[in-house]
Amino acid sequence: MDAFTAGLLQRITTTESDLRRARETGDDFLVEVEQAELDDLHRLAAEHGVEVSSV
């Protein structure tokens with residue numbers, strides 16, 4: 001796994017965790033921000049052929 005892929009997968013994992021925490025605390029604004037970030041990361045992964053289902 002190259003550095004780009006590893007970094008991207010780590011960012012996805014971190015963002016998923018942050019999104020979960022925002023949902024648990026009821027921070028609707030932060031949920032929207034984290035969801036948008038996660039969507040962007042998934043789009044970036046798809047554009048570069050990075051499989052994220054194992055994350």
Scan residues 21-34 for pairs that pass salt bridge (Lys or Arg N to Asp or Glu O under 4.0 Å), counting only residues two or more places apart or in two chains.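 Non-adjacent pairs meeting salt bridge (Lys or Arg N to Asp or Glu O under 4.0 Å): Asp18-Arg21.
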Hydrophobic clustering (ILVMFWY, side-chain heavy atoms < 4.5 Å, transitive) - are Leu19 and Val33 grouped together?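 No: no chain of side-chain contacts under 4.5 Å links Val33 to Leu19.
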Would a hydrophobic clustering, with Ile, Leu, Val, Met, Phe, Trp and Tyr connected at side-chain separations under 4.5 Å, put Leu38 with Val50?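 Yes.
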Please identify each residue that fulfils side chain to side chain donor-acceptor pair (under 3.5 Å) with Asp40, with sequence neighbours left out.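 Partners of Asp40 by the side chain to side chain donor-acceptor pair (under 3.5 Å) criterion come out as none, since no residue qualifies.
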Kindly give the heavy-atom pair with the smallest separation between Ala45 and Val52, and that separation in Å.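 Heavy atoms of Ala45 and Val52 come nearest at CB-CG1, 3.7 Å.
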Could you please spell out the steps behind the side chain to side chain contact (heavy atoms under 4.5 Å, CB included) verdict for Leu9 and Met1? CA-CA 10 Å; Leu9 293 175; Met1 178 180 312; 3.9 Å; yes
With rounding to the nearest 0.5 angstrom, report the OG1 to CZ distance, Thr14 to Arg11.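 Going from OG1 on Thr14 over to CZ on Arg11, the span is 9.5 Å.
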I need the Thr25 OG1 to Arg20 CZ distance, nearest 0.5 Å.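 Thr25 OG1 to Arg20 CZ: 13.0 Å, rounded to 0.5 Å.
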Verify salt bridge (charged side-chain N to carboxylate O under 4.0 Å, His left out) between Glu47 and Arg43, making sure each step is shown before the conclusion. CA-CA 6 Å; Glu47 288 175 0; Arg43 179 190 47 76; 3.0 Å; yes
Return each pair, listed once, that meets ring pair (Phe, Tyr, Trp, His ring centres under 6.0 Å) where at least one residue sits in residues 17-38; pairs must be two or more places apart or across chains.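 Output for this query is empty, none listed.
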